[in-house]
Amino acid sequence: MVIIKDYMELKRIIKEFDITGKLIEISPINNGIINTTYLVVFDDEGKKRKFVLQKINTNVFKKPYQLMKNIENVTSYMRNVESENDSNLSVIETKDGASLYMMMDDFSQKEYYRVYNYIDDSVTYNQSVNTDVVYSTGKAFGHFQKVLRNYPVELLSETIENFHNTKKRFQDFLRSYKENVVDRNKTAFEEIAKILSRKDDCNLIVDMLDDGTIPVRVTHNDTKVNNVLMNKETKEPMAVIDLDTVMPGSGLYDYGDGVRSACSTALEDEKDLSEVSIDMDMFKAYTDGYLSEMAPYLVPEEVDNMANAIKIITLELSMRFLGDYLDGDIYFKTNYETHNLDRARNQLKLVEDIESKLPLMESYIKESYQNALGKAKVKK
Ligand code: GN1
Ligand code: MG
């Protein structure tokens, strides 16, 4: 529930944007652990028009105007490349023609708000419900990578420096562990040890990017299952959302993160670890969906490391959750004291599960890649 004071404030903020009609509703949407999001409904001469209002978390995104520039660049490029039937996000400007509305909070800190169009007849899932949804998710993120494959990456700024630099993430984790600022190490020894023993795994993708073995692509960097809007009826993908972290990066992280998120049998903060694993049918569906779009454009080293990428991004997120727990929960939103620790345990359980399934995953990826290449040739 939005409390009344907030509602009045939000009402005042939304009026700053270039939207016609009468405001009829503002309600919170729970779709992430960084930004704060609301659904806004207007009545425009009898027609309901919906929008998404978001407050940008500037603790995480330090340069909101650069971030908006990236989003505008990428969405307008995609609109030109894609057919008119494709739904895409559009940024609604303020009445002054800006991409963001900036205001001061009660402590004289700057707050930034933005508005997108709401894509009608769409649905998102926080957890995958079946292999059709997972296939659609893989296809949507593969499509995103495909459409942007020729976009000049140098035009995009890094909205969060070293976001998926797993080597650097490991160093940050070591710092959190050594500093032990809120004295929580003692409650997480087992988890800390699991991460420390996997130090070498952190280098693989970063080293291949650095020495040019794999290409730098335009990547989404947050390919969670709830970042794809699906058609309510057909479950076909409609649009990829949450473009804050679109940056230059490795396509491997996007593929890996997609499987991590869409193919887990449990939510990210499920505490019963016996419930947490990768569902192999879901993994196959995601891989098929992704490769149905991207197979013809991947270099061999990318294909060879897709299974490793699933493990590496899951390990990276474990380090981020556990590091934040050790730092005293300063980055991710939490609902209770050990929320980040539970998330880290959950992701570490996934890492172990992925390790046990790596050979199976590798052989399926090869098979799916050959199938997808075959189909792509037939089409040409
Ligand atoms: C954060 O806020 P949300 O849910 O879109 C995080 C991702 C993590 C994810 C885990 C900018 O994304 O990197 O994978 O949580 N985004 C940022 O749930 O840090
Ligand atoms: Mg996100």
Side-chain angles (χ1 to χ4, degrees), residues 28-38 52 54-64 66-68 70-71 74 89 112 114 116 124-128 137 140-141 144 156-166 168-169 172-173 176 205 219-229 239-250 252-264 266-270 276 309-325 327 329-335 339-351 354:
I29 313 180
N30 259 337
N31 80 331
I33 50 180
I34 302 289
N35 293 324
T36 313
T37 312
Y38 305 90
V52 174
Q54 267 186 326
K55 179 180 172 206
I56 298 186
N57 179 334
T58 41
N59 189 27
V60 170
F61 297 107
K62 313 261 185 225
K63 295 175 182 162
Q66 275 191 8
L67 172 155
M68 291 309 288
N70 272 4
I71 295 179
V74 164
L89 282 190
Y112 295 88
R114 68 169 166 219
Y116 289 121
T124 57
Y125 297 95
N126 284 325
Q127 196 181 1
S128 299
T137 310
F141 286 122
F144 184 84
L156 295 177
S157 38
E158 235 183 319
T159 56
I160 301 178
E161 267 177 52
N162 291 311
F163 189 58
H164 286 321
N165 180 338
T166 319
K168 169 86 176 18
R169 293 284 185 186
D172 291 345
F173 174 76
S176 305
I205 300 178
T219 46
H220 182 278
N221 295 307
D222 192 9
T223 49
K224 298 207 304 194
V225 59
N226 62 2
N227 280 335
V228 178
L229 300 185
V240 164
I241 57 167
D242 190 6
L243 306 180
D244 296 333
T245 45
V246 170
M247 287 183 267
S250 166
L252 282 173
Y253 282 115
D254 275 4
Y255 165 75
D257 210 18
V259 174
R260 177 197 72 76
S261 160
C263 310
S264 172
L267 290 173
E268 255 171 35
D269 53 4
E270 170 61 57
V276 184
I310 306 170
K311 171 180 168 174
I312 294 169
I313 192 72
T314 311
L315 177 62
E316 182 186 288
L317 191 58
S318 316
M319 293 191 292
R320 294 176 60 200
F321 283 146
L322 194 59
D324 197 35
Y325 173 72
D327 288 344
D329 308 319
I330 51 179
Y331 186 92
F332 295 108
K333 286 187 219 158
T334 51
N335 299 333
H339 204 164
N340 272 323
L341 176 61
D342 288 335
R343 288 170 175 150
R345 287 184 171 143
N346 176 305
Q347 294 300 299
L348 282 168
K349 169 70 201 300
L350 269 192
V351 169
I354 297 163

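As the structure lists them, so they are numbered: ligands from 1, and atoms in each ligand from 1. Here, residue 1 is the first one in the sequence, and each next residue gets the next number.
Under a 4.0 angstrom heavy-atom cut-off, K333 registers as lying outside contact with ligand 1.
Ligand-side atoms of ligand 1 in range of G32: 2 (O), 3 (P), 4 (O), range being under 4.0 angstrom from any heavy atom. If you number the atoms of ligand 1 from 1 as listed, the ones under 4.0 Å from a heavy atom of E268 come out as 10 (C), 18 (O). Taking every non-hydrogen atom of Y331 and a distance limit under 4.0 Å, the qualifying atoms of ligand 1 come out as 11 (C), 17 (C), 19 (O). Every atom of ligand 1 with a heavy atom of F61 under 4.0 Å away is listed here by number and element: 11 (C).
For D222, every heavy-atom contact with ligand 1 shorter than 4.0 Å involves the side chain, none the backbone. Under 4.0 Å from ligand 1, the heavy atoms of D242 that appear belong solely to its side chain. At a heavy-atom cutoff of 4.0 Å, ligand 1 is contacted by the side chain of L317 but not by its backbone.
Heavy-atom minimum distance, Q127 versus S264: NE2-O, 4.3 Å.
Between K333 and D324 there is no salt bridge, since none of the side-chain N atoms of the basic residue sits less than 4.0 Å from a carboxylate O of the acidic one. No salt bridge links E161 with K63; every basic N to acidic carboxylate O contact stays at or beyond 4.0 Å.
At least one N/O/S atom of D242, whether from backbone or side chain, sits less than 2.8 Å from the Mg ion (ligand 2).
Some N or O of K224 is nearer than 3.5 Å to an N or O of ligand 1, by distance alone. Ligand 1 has no N or O atom lying under 3.5 Å from any N or O atom of N221, backbone or side chain.
Side-chain contact, T124 with N226: no donor N or O sits under 3.5 Å from an acceptor N or O. Side chain to side chain, N227 and H220 fail the donor-acceptor criterion of an N or O pair below 3.5 Å. Side-chain atoms of Y253 and T166 include a donor-acceptor pair closer than 3.5 Å. No hydrogens or angles considered: nothing links the side chains of Q347 and T314 as a donor-acceptor pair under 3.5 Å. Side-chain atoms of N35 and N57 form no donor-acceptor pair, as typed in the model, at a separation below 3.5 Å.
Remark: minimum distance from atom 2 (O) of ligand 1 to any protein heavy atom is reached at I33 N, 2.9 Å. The single protein non-hydrogen atom nearest to atom 16 (N) of ligand 1 is I34 CG1, 3.7 Å, given as residue, atom name and distance. The shortest contact between atom 13 (O) of ligand 1 and any protein heavy atom is with R320 NH1, 2.8 Å.
Under the side chain to side chain contact (heavy atoms under 4.5 Å, CB included) test applied with T159, the options V60, I71, N70, D244 reduce to a single match, N70.
Within D222, the N, O or S atom at minimum distance from the Mg ion (ligand 2) carries the name OD2.
The CD atom of E316 sits 9.5 Å away from atom CZ of R260, with the distance rounded to the nearest 0.5 Å.
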